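A short write-up of the structure that comes next.
Lettering of chains follows the sequences in order, A, B, ..., and the numbering in each one begins at 1. For clarity, every value in this text was computed on a predicted model and none was experimentally measured.
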Amino acid sequence: MFPAHFDYVRPATVEEAVKLLAKHGDDAKLLTGGHSLIPAMKLRLARPQVVVDIGRIANLSYIRETGGAIAIGAMTTHADIEASKTLRDKSPLLAETASHIGDAQVRNKGTIGGSLVHADPAADYPASILALDAEIDVVGPRGKRTIKAVDFFVDLLQSAVAADEIVTEIRVPATAKTVAYVKTEQKASGFALAGAAVVIGPGGVRVGITGVAATAYRAAGVEKALAGQTSLTPDLIARASAQAAAGVDALGDIHASPEFRAHLAQVNTRRAIEKALTRA
Amino acid sequence: MRRRRWPVADPNTTPYVGRAMKRIEDPRLIRGEGTYTDDLRLPGMVHAAILRSPHAHARIRKIDTTAAKAIPGVVAVLTGADVNASCGLVPCAAAIPDLKAPKHTVLAGDRVYFVGHAVAVAVASDPYIARDAIEAIDVDYDPLPVVTNAEDAVKIGSPLTHPDLGSNVAYTHNVSGGGNIDEAFRKADRIVKHRLYHQRLTPMPIEPRGVVASYHTGEGTLTLWTATQIPHLIRTLLPGMIGVPENKMRIVAPEVGGGFGAKLNVYPEEALIAHLAMRLHTPVKWIESRRDNAAATIHGRDQVGEYEVAVKNDGTILGLKSKTIADLGSYLQLLTPAVPTLTGLVLTGCYTIPAVKMEIVGVYTNKMATDAYRGAGRPEATYLIERLMDVVAQELKIDRLDLRLKHFPAPGDFPFPTSCGLVYDSGNYAAALTKAKQLANWDQLLKDRAAARAAGKLSGIGVSTYVEICAMGPSKAMPAGGWEWGCVRMEISAKVTVITGVSPHGQGQETTFAQIVADRVGVPIEDVVILHGDTSVAHYGRDTYGSRGTAVGGTAIVMCIDKMIAKAKTLAAHLFETTSDHVVFENGRFTSPGVTNRVITWPELAGEFYVAKNLPPGLEPGLEASSFFEPQNFTFPFGTHICAVDLDRDTGHVKITKYVAVDDCGPQINPLIVEGQVQGGIAHSIGQVLFEQTIYNEDGQLVTGEFMDYAIPRAHDIPDYILGSTVTPSPINPLGVKGVGEAGTIGATPAIANAVMDALEPLGITHMNLPMTPEKVWQAIKTKT
């Protein structure tokens, strides 16, 4: 488990990091926790020429309330998100989701920004980011821009963040309390075979699904079936949840067939809605 | 959560034996102060990396090492053509008649036979450069047809793993015993048939393998540190491979981070790295990566069988027939072909079954070799007989416990000869079953299941009553001798140094042996040191496997102590001016009641032995004894496991709601260590029954080559165990102990599987292959509802 040769740089500011990315282009990789990058480098599946460690940049790790949102610095660890009183009190879905990620060691080092940009199809956050309708700020040579969650996950292991951009902040609504994340683990890795995140609010129900397809997605069929409904009866929830993988090209591998993943999406959606309602 | 505490014994009272003591070896391991193979740093040491085949079967047209050799820091790049003539063949110690065996060279010759087959080795000044170098080797492969399924491999027209052998069948082994099997089947009211599959498993010790070799050119001596269970067997077998004589070879097993049978082997790398150290005149280190461990360290199990039971309508079993196909992989490692034959030895389990017939076909496929993995053949046998007992009970609609009880030999029937040709040493199978029922609150368990079922839930209870083979073993049954050696020396300071030929790597014998010695010699346990795992210290031994350490190795030490005390009594008698038969030894004190009031203790006596100024004529100085113990039989631990499960209809998830194990391993030296062994064994079974499996795709690619894809049990998979024991001493050794290293995984697999099948029984589901994953359970439920 010995990576190929690489150079290591540690910029002090976001601006400096952006310049380094611009300079090295595809040869550079950001180190933002390292729980996907370093194993890939050790297996020599990833061979960056330059590793840009942004772990020491000040002010990228925070959780604070701003207006109607909670802003989370991109380098905030899963453990900090899991433990955040602000999140637990005002918008607990991300904290609940973080508690499902890996193990304590992973949660102590892995960061939300790093995880989101990696766009692993079975990562936990994407389901919740989608259900929360979060916003993601990125900074690059062209300045700062904000990406909506629905536009963020482009394809397998591909996010809307360009190679020369850095995620700086994630914002979620501060009023989402009727929420839940329910997940079936892939037994070996602990990643999601199917994870369903649910946010129930005055505007309706939003459902994010991860693990099932090449990217996490909003379960439009479920949301539509529940739209405008004032009373979420068990029967209605069951019928709506049956749409959790409708029209989705489900993944299949040694851990689960496409059929089973799609089925688990339905079951976990139903269970997540039921669980969220207990928190209403 | 409920936390159980072990009773803390007063540390100042003896005996130590029987006390639940924490392990002496643990603090250094927990604090990271243990020395594993990868911790070794020798002056001038270089690092080896091995290039492995990406193909399951291919001809090697050409290997070009030019670019690799040109990398700065590279010391050597070598292929099979360079080293195989100097390294001899990898040994297989199993004696199977008419065995067809391929030549197993340390690096591939002109063909590769499995993904992970070692093709070339690069040696460099650091491990990074060694990795760079193997990437720069250009191998031109011509892929060949592949066979990965043993049942396909025996069909006519199958691709051949080794075309030069002419067939994929390595051997056909027939076991038959007891009465006339044909007559048994003629007299039967009914023939119950079943098919069972034991999936392939990857042992996955947390420490992968590793080797460091150092050759002293002037002395012609080789020192080899290797993460192994068997330093002595390697010292016996490696000379034949690399030409260094046994008495110029030192094998050291430092701390070994898990074996489970995977390190009970002589691997190509042990010869290769030794050869490199000799060839390059500098120490060489090779540490296996996790991926290489998954691909090129032995796998376990992988048997499929068709079974027939001849029964009378009252449940009386008249005979058992089986046909098993065992997937050996592509090569024979140390015990590869022998493991399936062990299944044949305990086929009848703990039951009186008058006639048996078993055919075992060992088959080559383009996969890594299978070999001994925790339980080695006994889990397979126990799973099949315990599943069959449930299937028979279900078909005949008789109680499964009654069926088992009906076929148990009575305590008075021991020593009990079986139809498979063994003689079970001692046992009280009904007592273990009764105790397990008590601990499980059996009647309540049945009521709970009925209530759950009435509420529409899928709830099941599984039982397994097992017997297994431990304390391996009598030399007549073991390929390289089954005795054990030990040495006990009292130093001049009255400290006791014990040397054992077993090679513990997690079994805790630094503690259990110290308990035995402290009691029998009568010294504080802190004064006892147990040395092992270095052939220059422990000159002889047969190492650790087959749950033999305490029953065989411990007995050798008891024999040493007896000799040492006898010698000490001779000197005590001389000092008392009497004869030995008037000397009494008790709790470390020598007295001679009626002769003198004088008391002689060890410090005084040890001093006299080494100062040697006052020894009687004929008595040698020094106080040490060594012994070889040859067991006259195996031992046969047994027990009953009970497991209750709930199934999630929606997700197929199996939740273990209760787990009770009653194991009888004879008297327990240290109940805490016994419990640890049982717990770990059950964990292995939870993995095997519910999720673990080694998967090769049809091209022979290993798709479970890392922990991202190969699931091992984790803490949250383990239920709260309720453990108990009964104590039936073995007559085979003076300690009466039987062994417990593998019992958990032998007893537990069928208990858990039977529980899942019991939960599915109301749906009419009678069969499911291991592992019983959520998807399989869900699919089964879906097809029946």
- Note on the structure: Scored by heavy-atom pairs under 4.5 Å with chain B, the best of A/K42, A/R47, A/H5 is A/R47
- Message: Among A/R279, A/R88, A/K183, exactly one meets salt bridge (Lys or Arg N to Asp or Glu O under 4.0 Å) together with A/E96. Which residue is that?
- Response: A/R279
- Task: Could you tell me which portion of B/Q779 (side chain, backbone, both or neither) has an atom closer than 4.5 angstrom to a non-hydrogen atom of chain A?
- Result: side chain
- Top contributor to chain A interface from B/H653, B/R290, B/R714 [non-hydrogen pairs under 4.5 Å]: B/R714
- So, the part of A/P3 with a heavy atom under 4.5 Å from chain B: the answer is both
- Message: Need one label for B/D717: side chain, backbone, both or neither, based on atoms under 4.5 Å from any heavy atom in chain A.
- Response: side chain
- Task: Compute both the distance and the angle, then confirm whether B/K367 meets the cation-pi test with B/F114: under 6.0 Å from the six-membered ring centre, within 45 degrees of the axis.
- Result: no
- Query: With a 4.5 Å limit on heavy-atom distance, are the side chains of A/V222 and A/V205 in contact?
  - Reply: no
- Region of A/Q266 that comes under 4.5 Å of a non-hydrogen atom in chain B: neither
- Message: Which one wins on heavy-atom pair count under 4.5 Å against chain A: B/S289, B/G652, B/P127?
- Response: B/P127
- Query: Above 12 or not: heavy atoms from other molecules or residues under 6.0 Å from CD of B/E698?
  - Reply: no
- Which bit of B/Y128 is near chain A, if near means a heavy-atom gap under 4.5 Å: side chain, backbone, both or neither? both
- Leading residue by heavy atom contact count with chain A [cutoff under 4.5 Å; candidates B/R291, B/E135, B/E692, B/E706]: B/E135
- Cut-off 3.5 Å, side chains only: do A/D124 and A/T97 have a donor facing an acceptor? no
- Verify, without hydrogens or angle tests, whether B/Y710 (side chain) and B/T202 (backbone) share a donor-acceptor contact under 3.5 angstrom. yes
- Could you pull out the closest heavy-atom pair between B/K69 and B/V77, with the gap in Å? CE-O, 3.4 Å
- Honestly, the part of B/H47 sitting under 4.5 Å from a heavy atom of chain A is neither
- Think B/K782 forms a cation-pi with B/W778, using NZ or CZ under 6.0 Å from the six-ring centre and within 45 degrees of its axis? yes
- Note on the structure: When the 4.5 angstrom heavy-atom criterion is applied to B/Q693 and chain A, the contacting part is neither
- Message: I'd like to know which of B/D132, B/I287, B/I695 tops the heavy-atom pair count under 4.5 Å against chain A.
- Response: B/D132
- Between B/D126, B/I712, B/D709, which has the largest tally of heavy atom pairs under 4.5 Å with chain A? B/D709
- Task: Return yes if a side-chain donor-acceptor contact under 3.5 Å exists between B/T704 and B/T694, otherwise no.
- Result: no
